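These figures come from a predicted structure and were not determined experimentally. Letters A, B, ... mirror the listed sequences (proteins, then strands); counts begin at 1.
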Amino acid sequence: MYGFEAMTFNIHGGYLEAIVRGHRSGLLTAADYNNLCQCETLDDIKMHLSATEYGPYLQNEPSPLHTTTIVEKCTLKLVDEYKHMLCQATEPLSTFLQYITYGHMIDNVVLIVTGTLHERDVQELLEKCHPLGMFDSIATLAVAQNMRELYRLVLVDTPLAPYFSECITSEDLDDMNIEIMRNTLYKAYLEDFYQFCQKLGGATAEIMSDLLAFEADRRAVNITINSIGTELTREDRRKLYSSFGLLYPYGHEELAVCEDIDQVRGVMEKYPAYQHIFGKLSYGESQMLDKAFYEEEVKRLCLSFEQQFHYGVFFAYMRLREQEIRNLMWISECVAQNQKSRVHDSVVFIF
Amino acid sequence: MGEENEATNTQQSTTESEALNFLDSVDNYLILIESLTSTLGQGWLELSSARHSMGGSRLNNVLLTLKHHSAPTTVELDYDNAGSMTKSKAPQLTLSKWKPSATQESNESEATTSPLKTENHRGKVLSMFGGMVSPKLRASQLSFETALETLVEIANVRSSVLEAHRALKLHKG
């Protein structure tokens, strides 16, 4: 019952909530980012990060460093923290934590399938998979020729199996079919996660509904913008939008027929929650849209920590760490390419 | 005596025009080099921005296709002797963008490719990273395309720089 979590939450979730709040206090601050933005080389970045929680993960890396190495090692830290929380969690928190990783699982499946289609070696594809999305039979994906085989041979025994019912066909896999499969799977996953959080009820349902609805709306906008000028039909585009969120259903109907960024802007400005996001952009421009969405997401994620006794803090922490890793990746790329003047184009401060 | 002076003056003015021609060519060359550096820098940053937007798993080198496919863009080399003062053939490079090769589609005899087909070719190349890619990746593709055009122009200008230098040496020496 909502409001009575304070009586029972700490029995099973108290320790892990304390752990995740402790991890949250280890997120990089504005002062850390200012120091990192002034670095001249990637070794300088490594030196500054050695004073943070990333220190132990980067200290043994030899010079010259690469940006991919920095991202890889920072991701390992996130994975270690996640695995520690998962092994300590009981139901339903353990299921909730597993839900957080299904997005990465979908990305890994698509990476393996696409790489195999392009005749790449499976081992080099596996090295590029996100560690949070790994599962036992992932390498077997390389033998499938179409989605029916993908499901029958491999995915039927994975948590993604229920999401395949909407996209099983015997059509051969090509780049567009794979893209549609990716977005259909992600849509089914988001809807399933949303339903799960609703069943949990209480503060978790309230906070996660807002966060997942924002995710669904952002995906709808990105799908619309990325599919402009492609062979994806309006009907197919509309099928990729999730069945919840602020934009569902009327915003989706309007987004499905948009042919340029200004039409997308016209649709989104009707929603007060998104007016200020699109207000930051000039007409015809979409370069800063990602940053505007990330800033809004970070604001909502940070707000979830203001309330206690709910699972939203775990989701929020994972997403904030991923944002931090994106920031580090961008700063590293700007430093490596000698483009430090552009570093603030994509860095989103968390605190 | 008068004829000798006239011949000397003519030779001097020819040498000066050759020198000017050489310096102009070098100036063009340096401007193009700077333009190329700027365009490539922009292209790489846009690629990083696309990677930041789409995620590392959607945009990385393991997705580049190893399947055999013909190049939609070719460079043709021609030797042009017209207007050359030194009687040596100056190489000229011509870029053919987004057109099928001569051995591929023999029934496509279009002299130019329509803008729609060009867009389709561009989209097809990017589809190795997915059917729906970020506009930042498309911007990066355009930057690298511009850089390729600049490179071909640099090669041709370099050829004219060497040609002008040879002509200058010939008249001076």
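Residue A:Leu240 touches chain B through its side chain alone, counting heavy-atom pairs closer than 4.5 Å. In this structure, the portions of B:Leu64 lying under 4.5 Å from any heavy atom of chain A include both its backbone and its side chain. There is no contact between A:Thr67 and chain B, counting heavy-atom distances below 4.5 Å. Only the side chain of A:Glu333 comes within less than 4.5 Å of a heavy atom of chain B; its backbone N, CA, C and O stay farther away. Using a 4.5 Å cut-off between heavy atoms, A:Leu232 contacts chain B through its side chain alone, with no backbone atom that close. With a threshold of 4.5 angstrom between heavy atoms, A:Thr230 approaches chain B through side-chain atoms but not through N, CA, C or O. The parts of B:Asn61 that come within reach of chain A are both its backbone and its side chain, each placing non-hydrogen atoms under 4.5 angstrom from that chain.
Within a 6.0 Å radius of CZ in B:Arg158, other residues, nucleotides and ligands contribute 12 heavy atoms or fewer.
Remark: the A:Glu322 side chain and the A:His130 side chain contain no N/O donor-acceptor pair separated by less than 3.5 Å. Between A:Gln323 and A:Arg326, the side chains place a donor N or O and an acceptor N or O closer than 3.5 Å (distance only, hydrogens not considered).
Taking CD of B:Glu145 as the reference point, atom NZ of B:Lys97 lies at 3.5 Å (rounded to 0.5 Å). Put simply, CD on A:Glu231 and CE on B:Met132 are 10.5 Å apart, with the number rounded to the nearest 0.5 Å. Interatomic distance, A:Tyr241 OH to A:Leu255 CG, rounded to the nearest 0.5 Å: 4.5 Å. From A:Thr101, atom OG1 reaches atom CE of A:Met318 across 8.0 Å, with rounding to the nearest 0.5 Å.
For A:Arg319 and A:Glu215, the salt-bridge test passes: some basic side-chain N is under 4.0 Å from an acidic carboxylate O. The pair B:Arg58-A:Glu179 meets the salt-bridge criterion, with a side-chain N (NZ, NE, NH1 or NH2) lying under 4.0 Å from an Asp/Glu carboxylate O. A salt bridge does not link A:Arg218 to A:Glu296: none of the charged side-chain nitrogens sits closer than 4.0 Å to a carboxylate oxygen.
Between chain B and the options A:Asp174, A:Asp175, A:Leu111, heavy-atom pairs under 4.5 Å are most frequent for A:Asp175. For the set B:Ser134, B:Gly56, B:Gly55, the entry with the most heavy-atom pairs within less than 4.5 Å of chain A is B:Ser134. Between chain B and the residues A:Met176, A:Gln337, A:Glu124, A:Met329, the most heavy-atom pairs under 4.5 angstrom are made by A:Gln337. The choice from A:Leu117, A:Asp345, A:Asn183 that makes the most heavy-atom pairs within less than 4.5 Å of chain B is A:Leu117. The choice from A:Glu127, A:Arg342, A:His104 that makes the most heavy-atom pairs within less than 4.5 Å of chain B is A:Arg342. Here B:Ser53 is the residue among B:Ala139, B:Gly123, B:Ser53 with the most heavy-atom pairs under 4.5 Å with chain A.
The stretch residues 43-50 of chain B places B:Trp44, B:Leu45, B:Ser48, B:Ser49 near chain A, each with some heavy atom under 4.5 Å from a heavy atom of that chain.
Side-chain atoms of A:Lys239 never come within 3.5 Å of backbone atoms of A:Thr184 as a donor-acceptor pair (strictly under, hydrogens ignored).
Ring-plane geometry between A:Tyr33 and A:Phe349 is classed as perpendicular, the angle between the planes exceeding 60 degrees on a 0 to 90 degree scale with a lower cut at 30.
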